[in-house]
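A quick write-up on the structure given underneath.
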Amino acid sequence: MGWHKPDNVAGSSAPAIMVGLFVATGGLLFGYDTGAINGILAMEPFKEDFSTGFKDDYGRPAMSPSQVSLIVAMLSAGTAVGALCSAPIGDRWGRRLSLIFAIGVFCIGGIFQVCATNVALLVVGRTVAGIGVGIVSVLVPLYQSEMAPKWIRGTLVCAYQLSITAGLLAASVVNILTYRLPSAAAYRIPIGLQLTWAVVLALGLLILPETPRYLVKRGLKDAAGLSLSRLRRLDITHPALIEELAEIQANHEYEMALGPDTYKDIIFGEPHLGRRTLTGCGLQMLQQLTGVNFIMYYGTTFFNGAGVEDPFTISLIIQVINMVSTIPGLFVVESWGRRRLLIVGAVGMAICQLLIAAFATASGNNNQWTQNIILIIFVAVYIFFFAASWGPVVWVVTSEIYPLKVRAKSMSVSTASNWILNFGIAYGSPYLVDTSNTAAGSVDLGSRVFFLWGAFCILSIAFVWYMVYETSKISLEQIDEMYERVDRAWNSRGFEPSWSFQQMRDFGFSDSGIPPVEPQLELQSSHTSTSHSDTAGSSTTNTTSTNSQDAKMLSQLGHVDLSY
């Protein structure tokens with residue numbers, strides 16, 4: 001499972017875990033907003049208040065397909081803008097203050113939605129709220145990865161996706177409780193409730209520490225030490241804390257020596273920043289192209305064909321499966337690793353979707369009842385595979401693979417690619433499957449649309465095999481070394497760190513990261529140093545330390561792991 005703190009890790013991980021789990025609840029904002037609007041669009045009071053003259057087949061007030069697409073998709077358009085804005089904001093104000101600002105923006109958008117009496121103001125509110133969500137979607141995984149111990153870093157970042165699913169489920173429950181109300185309260189209550197947790201989260205962030213890696217990036221070493229002391233529950237003079245802080249600082253100095261931290265460098269910088277940026281963007285886009293938001297936004301249309309008439313019950317069932325299925329991913333993300341979990345998830349999703357599409361194509365208009373049963377079963381299984389793998393693990397990988405100097409910029413670009421695809425799928429999906437809108441350009445794919453999503457799942461398998469490096473069980477700084485030394489992603493599972501950035505700084509290793517072969521610089525590998533003892537530990541520490549007092553303290557640690 002990987003949830004047990006290794007015996008040789010100094011200090012306590014409890015503060016970092018609690019902070020990481022609390023910050024992860026930022027995902028509730030996006031999940032709840034998405035789930036709420038999905039149900040609100042089906043409420044009769046909402047249709048009566050916001051209809052501009054469009055009628056459904058029974059002559060009742062309704063929303064036109066173009067209005068529905070616009071209302072649903074504009075949140076994603078706003079999140080793309082927010083994701084791109086998150087890097088300059090996060091680098092200038094810090095991760096914590098920027099999160100508070102983002103929540104404030106989200107609250108403004110929520111207030112616009114509560115007060116809206118027409119489609120235009122509702123769309124504006126969702127766009128503004130989306131900007132806040134976009135900033136949160138970058139900075140929450142960034143904050144978590146920069147403060148978490150390496151042994152549980154992946155699980156904490158997965159908790160962000162779990163909170164998104166919890167938000168979706170909460171919205172479905174609230175919609176069920178309010179949709180029968182005869183007045184505007186039916187939809188204003190669900191919209192307004194999303195502001196409550198936003199306020200709680202903002203107040204909690206006021207007392208949380210800034211990430212030590214951001215403070216090192218800004219040159220505030222003393223503040224970084226205090227932050228690390230709070231997160232590790234160690235005295236600021238403890239040798240393990242001094243060692244971890246020194247490694248973070250040395251790593252950042254090495255990164256800056258390879259080039260500046262500009263947007264150009266996320267493509268052309270070293271070590272292999274272009275490959276890393278492509279990996280992050282590819283993962284985020286493929287997460288959307290697996291078709292999950294097609295099911296979340298428009299899956300009710302398919303389920304109605306199975307004879308289930310209550311769309312709110314359908315939505316609730318989907319969200320329960322989505323949330324519960326996220327939990328297995330938290331259990332195995334560290335023990336299985338990122339690559340294996342992503343590949344297994346993509347294989348499972350591809351099989352489910354291709355079976356749905358193949359059976360529907362082979363049956364034609366016959367056996368409609370059987371088609372719908374197969375649809376319901378395999379969509380549920382698909383949601384399980386997605387929620388346990390691609391849902392959370394994509395956020396984990398994109399929060400880990402970038403170096404400190406460009407981490408915010410690279411994450412903002414990769415996350416923006418997710419939201420751009422999200423917008424395209426949310427806006428265009430009705431035209432892919434809507435049989436009643438052929439004159440307006442619908443291609444009327446019906447269940448055959450799952451061929452499209454299944455093909456992208458197959459592409460995802462190849463992408464992970466060739467592009468995604470295994471980042472579990474090593475520190476963020478050691479990931480830089482892995483990209484220096486490992487040329488092929490499929491060889492990354494066998495990577496063992498062999499040097500530290502302190503050693504590179506002190507002894508001036510080459511840009512390739514390969515230590516010079518000199519007897520006087522015979523270095524203990526960082527992997528071995530995490531479990532060394534007695535004389536070997538003392539000699540290694542004394543060789544690499546620049547301060548005799550620190551060296552004496554470090555030599556007494558024996559088997560204590562000094563890297564997080």
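- The closest side-chain heavy-atom distance from Thr117 to Asp49 is not below 4.5 Å.
- Separation of atoms CG (Leu245) and NE2 (His238) is listed at 14.0 Å; rounding is to 0.5 Å.
- Within a 6.0 Å sphere centred on CG of Asp222, heavy atoms belonging to other residues, nucleotides or ligands number 12 at most.
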Exercise. Can you check side-chain hydrogen bond (donor to acceptor under 3.5 Å, both in side chains) on Arg275 and Tyr469, steps first, answer last?
Worked result: CA-CA 11 Å; Arg275 182 193 301 174; Tyr469 281 62; 2.4 Å; yes
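- Residues Leu231 and Ser227 meet the side-chain proximity criterion, which asks for heavy atoms closer than 4.5 Å.
- Thr79 places no side-chain N or O within donor-acceptor distance of the main-chain N or O of Val133, the cut-off being under 3.5 Å.
- In this structure a side-chain-to-backbone donor-acceptor pair under 3.5 Å is missing from Arg407 to Leu142.
- Asn175 contributes a side-chain N or O that, together with a main-chain N or O of Ala171, makes up a donor-acceptor pair within less than 3.5 Å.
- The side-chain contact (heavy atoms from CB on, under 4.5 Å) with Pro190 is formed by just one residue from the set Val174, Val114, Asp33; it is Val174.
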Exercise. Stepwise, does the side-chain contact (heavy atoms from CB on, under 4.5 Å) test hold for Phe101 with Leu97?
Worked result: CA-CA 6 Å; Phe101 168 77; Leu97 292 179; over 6 Å; no
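- Shown here for Ile236 and Ser229, the closest heavy-atom pair between the two residues is N-OG, 3.9 Å.
- With Arg213 contributing its side chain and Ile248 its backbone, the two residues share no donor-acceptor pair below 3.5 Å.
- The backbone N or O of Phe22 lies less than 3.5 Å from a partner atom in the side chain of Thr25, making a donor-acceptor pair.
- Within a 6.0 Å radius of CZ in Phe463, other residues, nucleotides and ligands contribute more than 12 heavy atoms.
- Checking each of Thr277, Ile267, Ile266, Val413 against Val406 for a side-chain contact (heavy atoms from CB on, under 4.5 Å) leaves exactly one that passes, namely Ile266.
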For this session: Give the intermediate values and the outcome of side-chain contact (heavy atoms from CB on, under 4.5 Å) for residues Leu205 and Ile103.
Result: CA-CA 10 Å; Leu205 284 166; Ile103 294 169; 3.7 Å; yes
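- Across all their heavy atoms, Pro141 and Tyr160 have their closest contact at CG-CD2, 4.1 Å.
- Side-chain contact between Phe106 and Leu201 is absent, with no heavy atoms from C-beta onward closer than 4.5 Å.
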Problem set entry | Evaluation steps, side-chain contact (heavy atoms from CB on, under 4.5 Å), between Lys409 and Tyr402 | CA-CA 9 Å; Lys409 293 180 176 65; Tyr402 304 117; over 6 Å; no
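- Residues Gln144 and Ser399 fail the side-chain proximity criterion, which asks for heavy atoms closer than 4.5 Å.
- Under the 4.5 Å side-chain criterion, counting only non-hydrogen atoms from C-beta, Pro328 is in contact with Phe384.
- With hydrogens and angles left out, the side-chain atoms of Thr471 and Glu400 include a donor and acceptor closer than 3.5 Å.
- Two residues are said to be in side-chain contact when any heavy atoms from C-beta on lie closer than 4.5 Å; Arg338 and Val333 meet this criterion.
- Note that CD1 of Ile420 and CD1 of Ile425 are 12.0 Å apart. Values are rounded to the nearest 0.5 Å.
- Thr290 and Trp390 share no donor-acceptor pair across their side chains, judged by distance under 3.5 Å alone.
- Between the Gln284 side chain and the Ser417 main chain, no donor and acceptor come within less than 3.5 Å of each other.
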Exercise. Please walk me through it: do Asn293 and Gln288 pass side-chain contact (heavy atoms from CB on, under 4.5 Å)?
Worked result: CA-CA 7 Å; Asn293 278 325; Gln288 292 301 310; 2.7 Å; yes
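- The two residues Gln319 and Leu169 make their nearest non-hydrogen contact at CB-CA, 3.8 Å.
- Looking only at atom types and distance, the side chain of Asp265 has a donor-acceptor partner in the side chain of Thr262 under 3.5 Å away.
- Residues Leu203 and Val200 are not in side-chain contact: their nearest non-hydrogen atoms beyond the backbone lie 4.5 Å or more apart.
- At distances below 3.5 Å, at least one donor-acceptor pair connects side-chain atoms of Arg339 with backbone N or O atoms of Val468.
- Summarising the geometry, atom NZ belonging to Lys221 is positioned 12.5 Å from atom CG belonging to Leu226; distances are rounded to the nearest 0.5 Å.
- Between the CG atom in Leu28 and the OG atom in Ser163 there is a gap of 5.0 Å [rounded to 0.5 Å].
- Judged by distance alone, the side chain of Arg96 and the main-chain N or O of Thr211 form no donor-acceptor pair under 3.5 Å.
- Here side chain to side chain donor-acceptor pair (under 3.5 Å) pairs that include residues 127-137, with residues two or more places apart or in two chains, are Ser137-Trp419.
- Although no hydrogens or angles enter the test, the distance criterion places a donor-acceptor pair under 3.5 Å between the side chain of Thr165 and the main chain of Leu162.
- The two residues Arg95 and Leu404 have their closest heavy-atom pair at NH2-CD1, 4.3 Å.
- You'll find the side chain of Met482 reaches within 4.5 Å of the side chain of Ser492, heavy atoms only.
- Ala224 and Pro212 make their closest contact through CB-O, 3.6 Å (heavy atoms, listed as atom of the first residue, atom of the second, distance).
- Distance check, rounded to the nearest 0.5 Å: CG of Leu234 to CG of Leu228 gives 8.0 Å.
- Nearest heavy atom pair, residue Ile164 against residue Phe30, reads CG2-CD2, 3.9 Å.
- How far CH2 of Trp336 is from CZ of Phe331: 13.5 Å, rounded to the nearest 0.5 Å.
- Remark: the backbone N or O of Gly154 is paired with a side-chain donor or acceptor of Glu334 at under 3.5 angstrom.
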